[in-house]
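Worksheet: the structure to be examined is printed underneath.
Just so we're clear, the structure is a prediction, and the values are computed from it rather than from any experiment.
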Amino acid sequence: MVKQDVLITNPTGIHARPATMLVDLSKKFESNIVIEFEGIKINPKSILSVLSGELKSGKKISVDASGPDANEAVNAICNFIRTLKE
């Protein structure tokens, strides 16, 4: 399992458009991926899960992955969240 923390810096957080981009990115990986935020587990391959997670600016989240491409998945997702600008 690979785990990395990342801070959401996008002023509007992860709303509909970036959530869709996050889901599309996550679906490229075989690994099981989970985003943890305040005790809630979010499936980044599900748009409903991501939107219901209310991932707002200034919140620190953990991205966990296990599987054959776990390292690449965690790095790609954290980089996406870190560099997201609107």
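- Under the 4.5 Å side-chain criterion, counting only non-hydrogen atoms from C-beta, E54 is not in contact with K59.
- For A19, the side-chain contact (heavy atoms from CB on, under 4.5 Å) partners at least two apart in sequence or on another chain are I14, I47, V50, L51.
- Looking at residues two or more places apart in sequence or on another chain, you find a side-chain contact (heavy atoms from CB on, under 4.5 Å) between S46 and N43, L48, S49.
- A 6.0 Å sphere centred on CG of N32 holds no more than 12 heavy atoms belonging to other residues, nucleotides or ligands.
- Residues T9 and K85 come closest through the heavy atom pair OG1-NZ, 4.0 Å.
- Residues S66 and D64 fail the side-chain proximity criterion, which asks for heavy atoms closer than 4.5 Å.
- For the residue pair I35 and P44, the shortest heavy atom distance occurs at CD1-CB, 3.8 Å.
- The shortest non-hydrogen separation linking I33 to S26 is CD1-O, 3.9 Å.
- No continuous path of hydrophobic side-chain contacts links I40 to L7 [ILVMFWY only; heavy atoms under 4.5 Å].
- Under the rule for a side-chain contact (heavy atoms from CB on, under 4.5 Å), the partners of N75 that lie at least two apart in sequence or sit in another chain are Q4, N71.
- No donor-acceptor pair closer than 3.5 Å links the side chain of S57 to the backbone N or O of T12.
- Nearest approach of A76 to F29, heavy atoms of both residues: CB-CZ, 3.7 Å.
- Using a 4.5 Å cut-off between side-chain heavy atoms of Ile, Leu, Val, Met, Phe, Trp and Tyr, with links allowed through other members, M1 and I42 fall into different hydrophobic clusters.
- Listed by chain and number, the residues in a salt bridge (Lys or Arg N to Asp or Glu O under 4.0 Å) with K27 amount to none (sequence neighbours excluded).
- Of the residues listed (T83, I61, V6), the one engaging C78 in a side chain to side chain contact (heavy atoms under 4.5 Å, CB included) is V6, and it is the only one.
- V23 is connected to L25 through a chain of hydrophobic side-chain contacts under 4.5 Å among Ile, Leu, Val, Met, Phe, Trp and Tyr, so both are in one cluster.
- By the side-chain contact (heavy atoms from CB on, under 4.5 Å) test, R17 is found to be paired with H15, M21, E86, residues two or more places apart in sequence or in another chain being considered.
- Judged by distance alone, with hydrogens and angles left aside, the side-chain atoms of D69 form no donor-acceptor pair with the main-chain N or O of E72 at under 3.5 Å.
- Panel note: side chain S31, backbone A70; a donor-acceptor pair is recorded below 3.5 Å.
- For residues 39-50, no pair satisfies salt bridge (Lys or Arg N to Asp or Glu O under 4.0 Å), with sequence neighbours left out.
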